[in-house]
Amino acid sequence: MPKRPQKERRALECFYRVKSCVDGEVRSMVRVRYAPSPTGSPHVGNIRTALFNWVFARHHQGKFIVRIEDTDRSRYVPTSEQEILTSLCWLGLDWDEGPEVGGPYAPYHQSQRLEIYQRIAHQLVEEGKAYKCFCTPEELEQMRAQQRAQGASVTMYDRRCRRLTPAEVRAREEAGLPYVIRFAMPLEGTVEYEDLIHGHTVFRNALTDDFVMLKSDGYPTYHLANVVDDHLMEITHVIRGDEWISSMPRHLNLYRALGWEPPQFAHLPLLLGPDRQKLSKRHGAVQFTEFIREGYLPDAMFNFLALCGWNPGDNREILNREEIIELFSLERVSDNPFIFDHNKLLWMNGYYIRQLSKEQLVAWCLPFLQEAGLLPKELDEDTRAYAERVIPLEQEKMKVLKDVVTLTDFFFKEDLAVDQNAVKKWYSMPHIPQMLEELIRRYEALEPFTAPEIERVTREVIAWLGVPSGHVIHPVRVAVSGRTTGPSLFEMLEVLGKPRVLKRLRQAQQWTV
RNA sequence: GGGGCCAUGGUCUAGGGGACUAGGACGCCUGGUUUUCAGCCAGGAGGACGGGGGUUCGAAUCCCCCUGGCCCUACCA
């Protein structure tokens, strides 16, 4: 666990709240943001970050802000912003300021704030804290190649343009050469901060090169835009993934150069795959929308994601939203990487599915059956009523809602997929023809066709045949479902209904010849 | 290569010098319930806390070194 003394961490976390009390201000001072980049379908890890920010905000009665960091035109994917927002909505993470809802710090798309970044970048150039760099990508590549050839272990921008004289700069500008603006990193000294999760961290400035703040197309890089917006939007706590820790010297020096007070920082442990590599497509589903499509429940995802790096301190694992919001604190966020366990998610989702009422379960499952073509898009009353009786039969077996399809398809399909091994096993016994004949005769006459009645009659047949009950029950199950596993037999027969049961038993009579 | 982060059963995690014979969960195994599977209930296996040095009467817990893993090292975020 974190090395920082607990009390100290708590004090840091509450810094802004304390301040707001002291100032006697009414408004809540905690402001956090989720700043996704619309470069594709959102990653679970990314949504986990959103969730931690949201929970933190709600815990402190603060504001949760969504800011779209669309500053990379080459990787921009138009549909992804909608996917991101939809994912947040699906999980129940509502935002107080951001796209669609606006807010006092609008706009919330960085692509609409270019003038701000440009103004600040140029201001830093004028103050000598940044400079124009006219190096072309080819030149930079050549420089790196050269450094490597000379055996240099670190390839770092050699700051050649930082040494340009004003006259040289002017000449290049007049020649119309494109340029980027680089931050002039201090050549010595250190920068340090208190990470709310990792504790005290120090970096040497000399090890960080003069990073690009403003690209030649006029767009800012993450480093600039993020610092500028966090300050302008009065973000109090930056909660993001561990991969950003190494950028801290850049960000901190930028704050310093701009004369701004940096917010608090909390870096969340990375989500890893089972092979301890950064979680990626190779590990199965990682796009959040895949989880939605597979049939995970929002509450289960919420619970599971909250546990990806955080725990309440007691042994509880099943926690609802209110409990999570109530108990959440950064001090209980682990600082070691979290291996994403699909298996455990599956278990948890199954647990949540089992807690659903029959009505809720049906409502969640119907779309999956329709999607699979087992049910029509428009349900008539009878079909709906039938589905409402079928679905709950397999509730306890589902791990994801999509399971309902393979679990119940034989209720809806006319052509059964029959397990031939099962037929071989159960239909070679001598009593089978007689058994089928007798069952058909008795079921036909049975009224009402209900589970208790079916069971009574079936047990009579079993006694009459003088065979173990399994020798009747299993063959019947195979006959009506085509498989060896399924819901409790008599209930299953009742739900299937007399016509379907008789039809399938008659079909099974042919297996014996 | 450099910098940073991390290190408790297969996985997640509790642990903040003595309450640890290291607790819980997933997974795994066994038994029970039952017409099957699942579920549920009850048990069980599995860890000398990455290694080595310290500090201390006492260390999973504090310090140092090593090792390993990961992240960053872009006109990507």
Side-chain angles (χ1 to χ4, degrees), chain A residues 1-6 35-39 46 69-72 74-75 133 135-137 140 144 148 151-157 178-182 195 197-198 201-204 207-209 211-217 219-223 225-226 240-249 267 269-270 272 274-278 307-318 332 334-348 350 354 394-399 407 422 455 458 462 468-474 476-478 481 483-490:
Chain A
M1 270 314 272
K3 301 178 214 104
R4 298 196 62 72
Q6 200 173 51
S37 177
T39 53
N46 208 263
E69 309 225 330
D70 50 353
T71 56
D72 185 346
S74 60
R75 291 202 306 156
C133 168
C135 295
T136 63
L140 292 172
R144 279 190 275 262
R148 278 191 293 267
S153 47
V154 216
T155 65
M156 224 164 112
Y157 179 60
Y179 62 85
V180 300
I181 293 182
R182 285 181 185 271
D195 194 292
I197 292 167
H198 296 280
T201 311
V202 187
F203 301 89
R204 273 167 286 164
L207 269 14
T208 300
D209 62 359
F211 63 95
V212 174
M213 303 187 327
L214 200 68
K215 305 179 222 178
S216 54
D217 63 4
Y219 278 66
T221 60
Y222 172 83
H223 303 114
N226 142 274
R240 77 245 282 192
D242 263 357
E243 72 266 29
W244 292 108
I245 293 179
S246 11
S247 295
M248 284 305 289
H267 289 97
L270 253 21
L272 268 31
D275 56 358
R276 303 200 146 268
Q277 303 285 114
K278 205 173 177 180
L307 260 20
C308 288
W310 172 83
N311 74 80
D314 50 32
N315 286 326
R316 279 184 295 171
E317 305 240 307
I318 299 290
R332 293 214 60 87
S334 161
D335 53 5
N336 47 8
F338 185 91
I339 295 179
F340 193 86
D341 188 351
H342 270 93
N343 219 3
K344 188 157 181 176
L345 206 210
L346 232 31
W347 161 77
M348 189 172 278
R354 270 174 256 130
E394 294 288 50
Q395 178 166 19
E396 57 200 15
K397 232 171 288 180
M398 297 179 205
K399 300 278 192 218
L407 251 18
E455 174 158 14
T458 307
I462 290 167
S469 54
H471 285 24
V472 169
I473 285 166
H474 298 304
V476 173
R477 178 187 303 286
V478 175
S481 71
R483 50 183 85 166
T484 55
T485 65
S488 172
L489 183 73
F490 306 112

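Computed from a prediction, not measured in an experiment: that's the story for all the values here. Throughout, protein chains are lettered first and strands after them, A, B, ... in sequence-line order, and every chain is numbered starting at 1.
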Tell me whether A/Arg477 contacts the main-chain N or O of A/Pro487 through its side chain, where contact means a donor paired with an acceptor under 3.5 Å.
yes
Spacing between A/Ile245 atom CD1 and B/C5 atom C1', to the nearest angstrom
5 Å
Between CD of A/Glu317 and C1' of B/U11 the distance, given in whole Å, is 12 Å
Provide the distance between the two C1' atoms, one in B/C26 and one in B/U67, to the nearest whole Å.
30 Å
Could you tell me the Watson-Crick or G-U partner of B/C40, where both distances fall under 3.5 Å? Say none if there is no partner.
B/G32
Apply salt bridge (Lys or Arg N to Asp or Glu O under 4.0 Å) to A/Arg204 and list each qualifying residue two or more places apart in sequence or on a separate chain.
none
Hey, does the side chain of A/Arg332 reach the backbone of A/Trp310 with a donor-acceptor pair shorter than 3.5 angstrom?
no
Between B/G46 and B/C29, how far apart are the two C1' atoms, rounded to whole Å?
11 Å
Below 4.0 angstrom from OP1 or OP2 of B/A25, is there any side-chain N or O of A/Asn315?
no
Using the C1' atom as the point on both nucleotides, what is the distance between B/G18 and B/U11, in whole Å?
31 Å
Between CD1 of A/Ile339 and P of B/A25 the distance, given in whole Å, is 20 Å
Could you tell me how far apart A/Met348 (CE) and B/U13 (P) are, to the nearest whole angstrom?
13 Å
For A/Arg316, answer base if it contacts any base atom (sugar-phosphate contacts may also be present), sugar-phosphate if it contacts only those atoms, and nothing otherwise; contact means non-hydrogen atoms under 4.0 Å.
nothing
Verify, without hydrogens or angle tests, whether A/Thr484 (side chain) and A/Ala422 (backbone) share a donor-acceptor contact under 3.5 angstrom.
no
Can you find a heavy atom in the side chain of A/Val476 that is under 4.5 Å from one in the side chain of A/Thr458?
no
Side chain to side chain contact (heavy atoms under 4.5 Å, CB included) involving A/Lys397 - partner list, sequence neighbours excluded
A/Glu394, A/Leu407
Could I get the full list of salt bridge (Lys or Arg N to Asp or Glu O under 4.0 Å) partners for A/Lys344, not counting sequence neighbours?
A/Glu317
When rounded to whole Å, the CZ to P distance for the pair A/Arg332 and B/G16 reads 11 Å
Return the value, rounded to whole Å, for the distance between atom CZ of A/Arg240 and atom P of B/C5.
15 Å
note: A/Ile318, atom CD1; B/C12, atom P; distance rounded to Å ~ 19 Å
Can you tell me, in whole Å, how much space there is between the C1' of B/G27 and that of B/G10?
8 Å
Base of B/G27, side chain of A/Asn343 - is there a donor-acceptor contact under 3.5 Å?
no
Tell which nucleotide pairs with B/G47, taking only Watson-Crick or G-U wobble pairs whose two distances are both under 3.5 angstrom.
none
Check whether any side-chain N or O of A/Asn311 sits under 4.0 Å from OP1 or OP2 of B/G15, and answer yes or no.
no
Any strand: nucleotide that pairs with B/C26 via Watson-Crick or wobble, under 3.5 Å
B/G10
Could you measure between the two P atoms, the one in B/U8 and the one in B/G15, and give it in whole Å?
14 Å
All N/O contacts under 3.5 Å from nucleotides 45-52 of chain B to the protein, with atom names and distances to one decimal?
none

Could you pull out all residues at least two apart from A/Thr485 that satisfy side chain to side chain contact (heavy atoms under 4.5 Å, CB included)?
none
If the C1' atom of B/G4 is compared with that of B/G17, how far apart are they to the nearest Å?
29 Å
I'd like to check the salt bridge (Lys or Arg N to Asp or Glu O under 4.0 Å) partners of A/Asp341; sequence neighbours left out, ordered by chain and number.
none
Watson-Crick or G-U counterpart of B/G1, or none if no pair lies under 3.5 Å
B/U73
For nucleotides 30-43 of chain B, give me one character per nucleotide, 5' to 3': B if any protein heavy atom sits under 4.0 Å from the base, S if the only such contacts are to the sugar-phosphate, - if neither.
-----BBBBSS---
Separation of the C1' atoms in B/A77 and B/U55, to the nearest angstrom:
45 Å
Can you name the residues that form a ring-ring contact (aromatic ring centres under 6.0 Å, His included) with A/Phe203, not counting sequence neighbours?
none
Tell me, please, which residues at least two apart from A/His267 pass side chain to side chain contact (heavy atoms under 4.5 Å, CB included).
A/Tyr193, A/Asp195, A/His198, A/Arg240, A/Asp242, A/Trp244, A/Ile245, A/Met248, A/Phe265
Can you give me the closest heavy-atom contact between A/Pro269 and A/Asn336, atom names plus distance?
CB-O, 3.2 Å
Suppose we define a pair by two distances each less than 3.5 Å, Watson-Crick or G-U wobble; what does B/A60 pair with here?
none
Please name all residues satisfying side chain to side chain contact (heavy atoms under 4.5 Å, CB included) with A/His471, sequence neighbours left out, ordered by chain then number.
A/Trp426, A/Met429, A/His431, A/Val467, A/Pro468
Just by protein heavy atoms under 4.0 Å, how would nucleotides 68-77 of chain B read 5' to 3' in B, S and -?
-SSSS--BBB
Can you tell me the Watson-Crick or wobble partner of B/A19, both distances under 3.5 angstrom?
none
For nucleotides B/G24 and B/C62, find the distance between their P atoms and express it as a whole number of Å.
23 Å
Holding to salt bridge (Lys or Arg N to Asp or Glu O under 4.0 Å), I want the full list of residues that pass it with A/Arg316, two or more places apart in sequence or in another chain.
A/Asp314, A/Glu323
A/Lys344 NZ to B/U13 P: how many Å, rounded?
9 Å
